[in-house]
There are 2 protein chains.
Amino acid sequence: MSRARRLLDLIQVLRRHRRPVAGAVLAEEVGVSLRTLYRDIETLKAQGAHIDGEAGVGYVLRPGFMLPPLMFSEEEIEALVLGSRWVSERADGPLGKAARNLLAKIGAVLPGDLKDGIDASGLLIGPGAPIAAGDAELGAIRQAIRSERKLQVAYADERGRATKRTIWPIALAFYDRVRVVVAWCELRNGYRHFRTDRITALKSTPKRYPRRRIALLKEWRTLKEIPEQ
Amino acid sequence: MSRARRLLDLIQVLRRHRRPVAGAVLAEEVGVSLRTLYRDIETLKAQGAHIDGEAGVGYVLRPGFMLPPLMFSEEEIEALVLGSRWVSERADGPLGKAARNLLAKIGAVLPGDLKDGIDASGLLIGPGAPIAAGDAELGAIRQAIRSERKLQVAYADERGRATKRTIWPIALAFYDRVRVVVAWCELRNGYRHFRTDRITALKSTPKRYPRRRIALLKEWRTLKEIPEQ
DNA sequence: TGGCGTACTGTCAGTTTTTGTCAGCAGTCA
DNA sequence: TGACTGCTGACAAAAACTGACAGTACGCCA
């Protein structure tokens with residue numbers, strides 16, 4: 001197995017372990033000596049991987065994705081840049097910032113004559129309809145979705161009726177003007193949609209919801225296809 | 001210099017030359033023997049680079065971008081997926097397809113447990129307002145923008161007055177419901193905006209416009225900041 | 001405090017990979 | 001046809017990688 005391949009494998013192995021892993025364990029899993037493992041970790045760090053090593057503890061990989069060398073066509077890059085610009089303009093603050101970081105990161109590795117390529121991409125996002133409020137909490141909502149944790153929300157429905165609910169957020173949908181949380185609602189015992197601008201208060205909880213998000217998402221998608229009464 | 005680094009360099013060198021380049025020239029530029037260069041080209045092709053070699057002619061790199069190994073944070077990947085989904089749903093057909101290819105390409109290199117990660121990303125694009133017509137020509141417009149070539153268009157303005165113009169397209173702006181071509185208009189001798197749904201006919205020409213697109217784009221941006229009369 | 005588990009570094013010999021040289025075949029173009 | 005070029009195989013030299021061993025440093029815990 002080539003060295004480059006082994007390095008990718010090492011990242012995967014690291015990803016599998018959520019807790020810190022000892023170098024010796026990693027070395028065994030990828031089939032090299034401990035000394036070589038240290039060298040590999042060094043190489044990966046040099047390539048930008050976020051690996052934290054602590055004496056007496058082990059290694060952890062900060063959440064993220066490592067991509068191997070990849071070739072994109074012009075149109076694919078255009079799509080990437082346009083999409084990131086849309087996120088940058090129309091999504092909430094932190095996500096928009098991530099989109100700009102993404103572009104900066106890609107720009108940084110392109111040779112000089114291509115850096116402007118990204119800035120000067122011919123595809124632009126026009127200003128759109130003003131987006132309804134409720135941005136401040138989106139970061140927390142995304143975090144809850146990622147980590148599959150329950151949220152407590154105070155919600156005012158379209159008729160202004162206020163309720164307090166515990167929900168299992170499974171997705172966040174971006175419309176032109178509003179954002180909608182898709183969630184299982186413990187109060188109603190069913191899937192419900194919550195416009196973020198109508199969430200009057202939100203509290204993250206440390207409680208994980210009892211099913212996997214992917215399964216819930218699949219179930220919700222199936223239900224959606226059945227016309228409602 | 002590491003081999004991986006040299007391969008990236010080689011891609012850059014190839015990008016610089018628009019005409020076919022002899023392997024001997026490339027070998028000299030990256031500082032290796034011809035034999036090694038052939039081996040490098042082979043490796044790059046195996047990694048997915050679109051390099052065409054023809055005996056008696058030389059090498060050409062089909063337009064595109066090669067990215068080195070890159071680490072993205074969770075939020076950056078979320079932004080990438082969400083942005084690509086927006087492009088996939090809301091941009092024109094070919095670009096949308098490119099966005100889907102982009103995601104597939106990234107999904108393909110991720111280890112098994114992450115592939116669904118992309119499909120199951122918790123961020124969705126909601127259905128939006130119907131988009132005004134004029135999609136069919138977008139591919140040709142983007143092509144003209146990329147290659148800095150003039151377009152002949154028949155245009156009906158907001159009051160229905162029809163004109164025929166030769167324009168230098170420099171950008172394409174995506175609004176919620178319409179798409180707008182930003183261009184220098186030879187008829188009006190100035191920058192004008194054309195809604196794609198009001199372009200009644202469009203013809204690509206092989207004529208390059210006389211200035212660089214980046215410069216025009218910069219000029220247009222400056223002019224925009226001056227309030228119009 | 002001492003012991004344990006761990007990250008990390010240096011050195012060096014053996015192994016593997018990469019590289020250059022040479023030789024030859026095949027395709028393109030004028 | 002001849003000049004130029006892509007492409008492949010073989011082999012030895014050069015370079016990089018690897019494993020083993022020795023040693024240091026750091027954090028945790030009894």
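Just so it is clear: chains get the letters A, B, ... in the order the sequence lines come, proteins before strands, and each one is counted from 1. Atoms considered below: every heavy atom in the structure, side chains included; atoms not considered: hydrogens, waters and symmetry mates.
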Quick check on DNA chain D: between A:Val57 and A:Thr36, whose nearest nucleotide comes earlier from the 5' end?
A:Thr36

Given salt bridge (Lys or Arg N to Asp or Glu O under 4.0 Å), test B:Glu75 with A:Arg142 step by step and report yes or no.
CA-CA 9 Å; B:Glu75 279 209 321; A:Arg142 282 205 318 280; 2.4 Å; yes

For [X] and [N], what is the distance between atoms [atom1] and [atom2] respectively, to the nearest whole Å?
{"X": "B:Leu34", "N": "C:dC22", "atom1": "CG", "atom2": "P", "result": "13 Å"}
{"X": "B:Glu54", "N": "D:dC4", "atom1": "CD", "atom2": "C1'", "result": "13 Å"}
{"X": "B:Leu26", "N": "D:dC7", "atom1": "CG", "atom2": "P", "result": "11 Å"}
{"X": "B:Arg6", "N": "D:dA15", "atom1": "CZ", "atom2": "P", "result": "13 Å"}
{"X": "B:Ile51", "N": "D:dG6", "atom1": "CD1", "atom2": "P", "result": "12 Å"}

Taking 4.0 Å as the cut-off, does a side-chain nitrogen or oxygen of [X] come that near to OP1 or OP2 on [N]?
{"X": "A:Ser33", "N": "D:dG19", "result": "yes"}
{"X": "A:Tyr38", "N": "C:dA7", "result": "yes"}
{"X": "A:Lys45", "N": "C:dA7", "result": "no"}
{"X": "B:Arg35", "N": "D:dA13", "result": "no"}
{"X": "B:Arg3", "N": "C:dT19", "result": "yes"}

Of the nucleotides D:dT18, D:dG19, C:dT6, which one has an atom closest to the side chain of A:Ala22?
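Looking only at heavy atoms from C-beta outward on A:Ala22, the closest nucleotide is C:dT6.
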
Find out whether A:Ser2 and A:Arg6 are in side-chain contact, i.e. whether some heavy atom of one side chain is under 4.5 Å from a heavy atom of the other.
no

Consider only side-chain N and O atoms of A:Glu54 and A:Tyr59, and report whether a donor and an acceptor are under 3.5 Å apart.
no

Given the side-chain rings of B:Phe72 and A:Phe65, with only the six-membered ring counted for Trp, is the space between their centroids under 6.0 Å?
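No: the rings miss the under 6.0 Å criterion.
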
Applying a 4.0 Å non-hydrogen cut-off, can you work out what B:Val25 is touching in the nucleic acid: base, sugar-phosphate, or nothing?
nothing

